[in-house]
Amino acid sequence: MPYSVAVIRIGHNLFDGFEKMTRFGYACINLSLAAIHGKSAPTTNRSMIKKTFEQKGISYASKLSLENSKDLFTILKWNVENEIFFFRLTSNLFPWASEYQISSMPDYEEIRSVLSECGNYARENGIRITSHPGPFNKLCSPNESVVLNTIKDLEMHGEIFDMIGLPQNHWSKINIHVGAAYDSKVDAAATFRRNFARLSPSVSGRLTLENDDKGSLFSTKDLYEMIYSEVGIPIVHDQHHHGFCDGGLTQYEAMKLAFSTWPKGITPVMHYSESKSDEAKDNKIKPQAHSDYVVNKIETHEFDVDVMIEAKAKDLALLNYLSIYKLPSTNL
DNA sequence: ATAGGTCAAGCGAGG
DNA sequence: CCTCGCTTGACCTAT
């Protein structure tokens, strides 16, 4: 096995025994480093608009990709220094990657080498790296061109994870939503399952599904009954979304169901966020919108689960949360 | 140098 | 019909 999750966990367990474990994580952007470095802060999100891509093409995309990759290493180091072992990788590491072969970038070899170092570092330090491709990924679409674009985007994520050297399993999950119903959840789920079979092992082995945040779409219960039970895709339970689409289950029931879908030896993931409208005391803001910070105690019950905090203030929100409750970022 | 407008992709909800 | 919200603000141009 090129990347042994078991070894990492046993290693950390030497310190703490075999108590319940939780890693807290943040998504994509590091605002602590931004606060220190200002405009020149490390970022994995350099991008460009379409017009610029048309003018400058793959060579400029390659340049940005290399810089993004180098800064990924800096951010991973920051994570270790701050004892954060769960991190969502940006989907924008390689700008416009759907428009070219990654391997034909001029800086491909150097990028591969930098990403491979990132992977080694993450493995040595037990950082869990995951991703969350955008909402335009619709594997359930009746429109073939939408499906083809989705497959392309997902395969791009898989290829990048392979370059980093992440295992082709749900430890390094690529997480999406079903995200649409087209007036028939039954049909949408069938289309999803059919198109799931078209993915390479690099993607299908890592893919997870998250419950939607609209009543008409897929609750955790729906995902279990209509997708997991047929094709075995593990479920990421988002507590905030559950408030808008609960399928008749309590948080606890939905968590129990979702976590039961994960393979043995791989810690399930839960998403946590709070409403911006509550935080700002402004009911004109949609309740689905994420707050800057999270302040309520996160309930994990008896479950062994990693918690991704989705808050606009990113790592600042995570560090703030941990300080409120005097928690370690992990008790691994 | 900074502010403000703009920007690939798909959906559904709400005004 | 338009805007927002979601993965994740960042880029570009005019001042």
Side-chain angles (χ1 to χ4, degrees), chain A residues 25-31 34 38-56 60-61 64 67-68 71-72 75 87-100 129-154 156-157 160 173-185 188 191-192 195 207-218 236 238 240-241 243-245 269 271 273 275-277 282-292 308-315 317:
Chain A
Y26 70 101
C28 306
I29 291 172
N30 187 292
L31 293 180
K39 223 172 105 81
S40 63
T43 171
T44 59
N45 296 289
R46 293 173 186 82
S47 185
M48 59 187 143
I49 61 172
K50 187 176 187 179
K51 194 172 126 195
T52 305
F53 179 65
E54 284 165 355
Q55 287 166 358
K56 301 189 174 179
Y60 186 54
L64 295 180
E67 291 182 56
N68 285 343
D71 282 355
L72 173 60
I75 291 172
F87 180 64
R88 181 185 296 167
L89 181 64
T90 178
S91 292
N92 214 30
L93 195 72
F94 298 172
W96 294 94
S98 57
E99 303 302 309
Y100 52 83
I129 296 176
T130 63
S131 68
H132 198 344
F136 29 79
N137 284 279
K138 289 296 187 305
L139 222 39
C140 66
S141 177
N143 181 340
E144 174 66 6
S145 72
V146 171
V147 175
L148 286 173
N149 286 340
T150 298
I151 291 173
K152 195 184 279 184
D153 195 47
L154 293 178
M156 182 268 288
H157 282 81
I160 292 175
K173 72 186 167 60
I174 297 173
N175 176 58
I176 61 173
H177 291 261
V178 177
Y182 314 96
D183 296 324
S184 167
K185 279 202 279 195
T191 307
F192 187 99
N195 288 325
L207 201 73
T208 60
L209 275 175
E210 176 179 345
N211 53 314
D212 288 307
D213 67 354
K214 295 180 181 74
S216 63
L217 300 183
F218 290 77
V236 171
D238 185 310
H240 188 224
H241 294 173
F244 306 100
C245 178
V269 172
H271 287 179
S273 52
S275 286
K276 176 82 175 173
S277 52
D282 179 353
N283 59 19
K284 289 192 294 294
I285 299 171
K286 296 190 180 190
Q288 281 90 344
H290 292 166
S291 58
D292 292 344
M308 175 56 62
I309 292 184
E310 297 181 320
K312 296 297 179 191
K314 305 296 175 187
D315 52 306

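Just so we're on the same page: letters track the sequence lines, and every chain starts at 1. Just so we're clear, the structure is a prediction, and the values are computed from it rather than from any experiment.
- When the C1' atom is used for both B:dC7 and C:dT7, the distance is 16 Å, rounded to whole Å.
- Look at NZ on A:K276: it is 11 Å from P on C:dG9, rounded to the nearest Å.
- Phosphate contact (OP1/OP2 of B:dA9, side-chain N/O of A:S98, threshold under 4.0 Å): absent.
- Residue-nucleotide stacking is present for A:F136 and B:dA9, judged by a side-chain ring centre under 5.5 Å from the six-membered base ring centre and planes under 30° apart.
- Nucleotide B:dA8 forms no Watson-Crick or G-U wobble pair with any nucleotide shown, as no partner meets the under 3.5 Å limit on both distances.
- In this model, the phosphate group of C:dT7 is not approached by any side-chain N or O of A:R88 to a distance below 4.0 Å at OP1 or OP2.
- You'll find a donor-acceptor pair under 3.5 Å spanning the side chain of A:K286 and the base of C:dC4, going by distance alone.
- Glycosidic torsion of C:dT7 falls within 90° of 0, placing the base in syn.
- For the pair A:D212 CG and B:dC11 P, the interatomic distance rounds to 13 Å; values are reported in whole Å.
- Taking every side-chain heavy atom of A:K50 into account, B:dA8 is the closest of B:dA8, C:dG5, C:dT8.
- For the OP1/OP2 pair of C:dT7 and a distance below 4.0 Å, the side-chain nitrogens and oxygens of A:H241 include at least one atom meeting the criterion.
- Note: NZ (A:K185) to P (B:dG12) measures 12 Å, nearest angstrom.
- With C1' as the reference atom, C:dT3 and B:dT6 are 15 Å apart, rounded to whole Å.
- As judged by a 4.0 angstrom heavy-atom cut-off over every strand, A:E210 is placed among residues touching the sugar-phosphate backbone only.
- Atom CE of A:M156 is separated from atom C1' of C:dT7 by 11 Å (rounded to the nearest Å).
- Counting heavy atoms from C-beta on, the side chains of A:P95 and A:Y60 never come closer than 4.5 Å.
- C:dG9 and C:dC4 are spaced 15 Å apart, taking the P atom of each and rounding to whole Å.
- Separating the CD1 atom of A:I49 from the P atom of B:dA9 is a distance of 13 Å, rounded to the nearest angstrom.
- Atom NZ of A:K39 and atom C1' of B:dT2 are 9 Å apart (whole Å).
- Comparing C:dA10 with B:dG10, their P atoms sit 23 Å apart, to the nearest whole Å.
- Pairing each heavy atom of A:A180 with each of A:A188, the nearest pair is O-CB, 3.8 Å.
- Within 3.5 Å, no donor on the side chain of A:S91 pairs with an acceptor on the base of C:dT7, nor the reverse.
- For A:W96 and B:dA8, the ring-to-base geometry satisfies the stacking test (centroid distance below 5.5 Å, interplanar angle below 30°).
- C:dT8 and B:dA3: their P atoms are spaced 25 Å apart (whole Å).
- Using a 4.5 Å heavy-atom cutoff, the side chains of A:P133 and A:L154 are in contact.
- Residues A:L72 and A:L89 meet the side-chain proximity criterion, which asks for heavy atoms closer than 4.5 Å.
- In the displayed structure, A:D183 atom CG is contacted under 6.0 Å by at most 12 heavy atoms of other residues, nucleotides or ligands.
- Applying the 4.0 Å criterion to OP1 and OP2 of C:dC6, one finds that A:K312 has a side-chain N or O inside that range.
- With a cut-off of 3.5 Å on both pairing distances, the Watson-Crick or G-U wobble partner of B:dA1 is C:dT15.
- At the heavy-atom level, A:N45 lies under 4.0 Å from the strands shown only through sugar-phosphate atoms.
- As the counterpart of C:dT8, no nucleotide is assigned, since no Watson-Crick or G-U wobble pattern has both distances under 3.5 Å.
- Of the inter-residue distances, the one linking A:L217 atom CG with A:F244 atom CZ reads 13.0 Å to the nearest 0.5 angstrom.
- Between A:E144 atom CD and B:dA9 atom C1' there is a gap of 16 Å when expressed in whole angstrom units.
- By the 30° and 60° cut-offs, the orientation of the rings of A:H132 relative to A:H177 is parallel.
- Nucleotides C:dT13 and B:dA8 are separated by 12 Å at their P atoms, to the nearest Å.
- Contact between the side-chain N/O atoms of A:H290 and the OP1/OP2 oxygens of C:dG5 is not found at any separation under 4.0 Å.
- Counting any heavy atom pair closer than 4.0 Å across all strands shown, A:Y182 reaches sugar-phosphate atoms only and no base atom.
- Distances were taken from every side-chain heavy atom of A:S47 (C-beta onward) to each of C:dC6, C:dA10, C:dT8; the shortest belongs to C:dA10.
- Taking 4.0 angstrom as the limit, A:K138 places none of its side-chain polar atoms (N or O) nearer than this to OP1 or OP2 of B:dA9.
- Between A:N137 atom CG and C:dG5 atom P the separation is 21 Å, expressed in whole Å.
- Close to B:dG10, at under 4.0 Å from its OP1 or OP2, lies no side-chain N or O of A:S141.
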